[in-house]
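Below, read A as the first sequence line, B as the second, and so on, with proteins coming before strands; counting in each chain starts at 1.
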Amino acid sequence: MGSFVDVFSYFTDIHFVLMVLVGSVAGLFVGSIPGLSVSMATALLVSITYSWQTSDALATVMGIYVVGVYSGAISAILINIPGAPSSVVTTLDGFPLANSGESYKALKYATIYSFVGTTFGFLALWVVANPISEIALKFTPMDYFLLALFGLATVGSLTTKSFSKGLISATLGLMFSMVGIDSVMGTPRMTFGLVDLQTGISIVPALVGLFGFSEVLSVISSGHQDGEVSKIVKSVVYVKDILKYWGYSLYFSLIGTVVGALPGAGGPVAAFLAYGEARRIIKKPTRPFGEGAVEGIVASESANNACIGGALIPMLTLAIPGDAVTAIILSVFYIHGLRPGPMFIKTSPEMFHIILAGGFIGCIFLLLLGLLVAPRISKIITVPKRLMLPIVSVLCVVGAFASNNRMFDVALMIFFGILGYFMKQRGYSVAPMTLAIVLGGMMDSNFRRAISLASSEDNVISALFGRPITLILLTLTVLTIGANIPQIKKFFKKRTQKTAA
Amino acid sequence: MEKGIKKIPKSYLIESAVFFILGIALFLYAMINHYSGIAKEWKMSPYLFPVLIAVFLVLLSVSLYSEGKRVSGQSQEGATPKIKTVFIAVLMMLGYFFLMPLIGFLPMTAVYLMAFFYFLGERHWIRMILLSAITSGLLYVIFDMMLNVMLP
């Protein structure tokens, strides 16, 4: 009850609500303009919020996150280009529906069910964060190491077509995270005599480079095509017709929350899974799937938005981010001196409440902006890239500099931007690298602590892996890696074919 | 063996070679620094984790090479990226980076934006001048004056 009052007390804090609104409006535009991503906006925001109060920073970030994920659907519906990867599935039915003159209806369905999905995800976060924290309290350093390794392995396997490339991206990220003064021995490591590298590779310039500047280069490289907007004709869409799907929506939201809580899976995977389920369980859709079925929009939008709350669960309770945006949000916490993990909800309950309040207020703004503003921003989402990209690149410079007020960070941002561009061109996702840069320090210190503790025991192996939680995590990690090794995949495929024959 | 190498797409071969060399270099760097550093015991060494990363990177480079073998023959199509355009965009960014401390943030940003707008195909001069001046000014007002964020 106390927690309930604490969370909802922020609804009456005008300053807090305004900060969420600022983030929400920014999220609406950033998410809906193809080429600008929520990750990019959050990364830029992290550098700006250095001097802000933590509550203001988190309020704005939550606004951007919640509305930004939703607004990817606007361009998916109107111009058939998803504003965010998680809205790819929405294009399948959203654009055909818009093309047949029902874009208003498509936007309304997307808004309502994004609201349902996001609210469901945050409620799930509220309910399960505490029990998960209790379990996480029993974690040893080896468990943390394995958990982070499991996270990197899943991110590596789910974000690219090639598992090797996904893991290489994560390994390079780990390598970058090793640069700087070693936290245990206090000696410089991999600095190559450069004084500027002694503080390590700052997360902010790396993120701004990987998600901001590299995106600018990628859009330039692809020929920066601007899309054509479907005409929006206002039509009557009955609430009872929209709400017909709430039961299905809860199921798709559950899928989204669970997938979101798995490190690395994120919105696109959740939306695809939910869409597959929708095709399976809804026998008589309003139109065939892929030709403008509102059920497809319901599935995709409920699931990808529910991922937000899901992705925050491992980030807050285990300090393992669920996706790229939560990895960036994790750095907001670090910048403001907060340490997410099993003790976080106990030691900083007010921060947990701020996140929940920011999320729920963001949901309300999602609904308001989605219903009132989204149908009117069709002109803005097609702002010519030749005007938008130069401004974004200047914002990248400002964002990178603002993190530590030094030009060296701008140089780092340019380096990571170029690296990110080439990685994307060659099919290496930058998400595993981001997660690895954030988690690398923690993995290193926990691994050494685990080895150090185990070395004083008689049986080192049992000291390292003898506990049930450790064994489960080890099994999960080995299975994730093993299941993605092509030879093993081939072996099981052959066996399945033989059994079927 | 030679026949096998020929089959592998060039990009896979180059990438796996780069990561293999990087892994070996990191391994050697970590070993040399460990044995010349203060911590002689591996369990406390700052180079224990880099060694693991290096070994992993070498294994992954081999895995990438074998993946290249599997995809040999499959088309590697996709839109041809405009590398030259990207190269010029990077050069412009580097010019912006190096000249900014000499000329100052506001004038350099305006010049950079103008040049970038033109480079990306904008030909409406009044729009270019207005947008670059307004953006630089707005950035100064929002970041420096309102948000108290230092500008380069």
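The parts of B:L57 that come within reach of chain A are both its backbone and its side chain, each placing non-hydrogen atoms under 4.5 angstrom from that chain. With a 4.5 Å cut-off on non-hydrogen atoms, B:Y118 does not touch chain A at all. With a 4.5 angstrom heavy-atom cutoff, B:T135 touches chain A only via side-chain atoms. Of the atoms belonging to B:L59, not a single heavy atom falls under 4.5 Å from chain A. The contact between B:F19 and chain A is made entirely by side chain atoms (from C-beta outward), counting heavy-atom distances below 4.5 Å. Contacts of B:M100 with chain A are made by side-chain atoms alone, with heavy-atom separations under 4.5 Å and no backbone atom involved. When heavy atoms are compared at a cutoff of 4.5 Å, B:E122 approaches chain A by way of both its backbone and its side chain. If you measure heavy-atom distances from B:L48 to chain A, the contacts under 4.5 Å come from the side chain alone.
Side-chain atoms of A:M190 and B:L26, non-hydrogen and from C-beta on, do get closer than 4.5 Å to each other.
For the residue pair B:P46 and A:R189, the shortest heavy atom distance occurs at O-NH1, 2.5 Å.
The aromatic rings of A:F192 and B:Y29 are tilted relative to each other, their planes meeting at an angle between 30° and 60°. The aromatic rings of A:F447 and B:F49 lie tilted to each other, with the angle between the two planes from 30° to 60°.
Between chain B and the residues A:V398, A:L387, A:I418, A:I391, the most heavy-atom pairs under 4.5 angstrom are made by A:L387. The candidate from B:S132, B:G23, B:P152 with the greatest count of non-hydrogen atom pairs under 4.5 Å with chain A is B:P152. Chain B forms more heavy-atom pairs under 4.5 Å with one residue of A:N405, A:L174, A:I451 than with any other, namely A:N405. Of the listed residues (A:G440, A:S393, A:G417, A:A450), the one with the most heavy-atom contacts under 4.5 Å to chain B is A:S393.
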Given A:L395 and B:L139, is the side-chain contact (heavy atoms from CB on, under 4.5 Å) satisfied, shown in steps? CA-CA 8 Å; A:L395 286 175; B:L139 282 175; 3.6 Å; yes
Pair A:V394, B:Y96 - check side-chain contact (heavy atoms from CB on, under 4.5 Å), show working. CA-CA 9 Å; A:V394 171; B:Y96 179 45; 3.7 Å; yes
Are A:D182 and B:Y47 close enough, and set up right, to give a side-chain contact (heavy atoms from CB on, under 4.5 Å), and what steps lead you there? CA-CA 9 Å; A:D182 168 46; B:Y47 297 98; over 6 Å; no
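At least one cation-pi condition fails for A:K385 and B:F117: the charged atom is not both under 6.0 angstrom from the six-membered ring centre and inside a 45 degree cone around its axis.
No more than 12 heavy atoms of other residues, nucleotides or ligands lie within 6.0 Å of CD1 in B:I126, so this atom counts as exposed by the packing criterion. Within a 6.0 Å radius of CD in A:Q53, no more than 12 heavy atoms belonging to other residues, nucleotides or ligands are found.
With rounding to the nearest 0.5 angstrom, the CG atom of B:L60 is 5.0 Å from the CD1 atom of A:I168.
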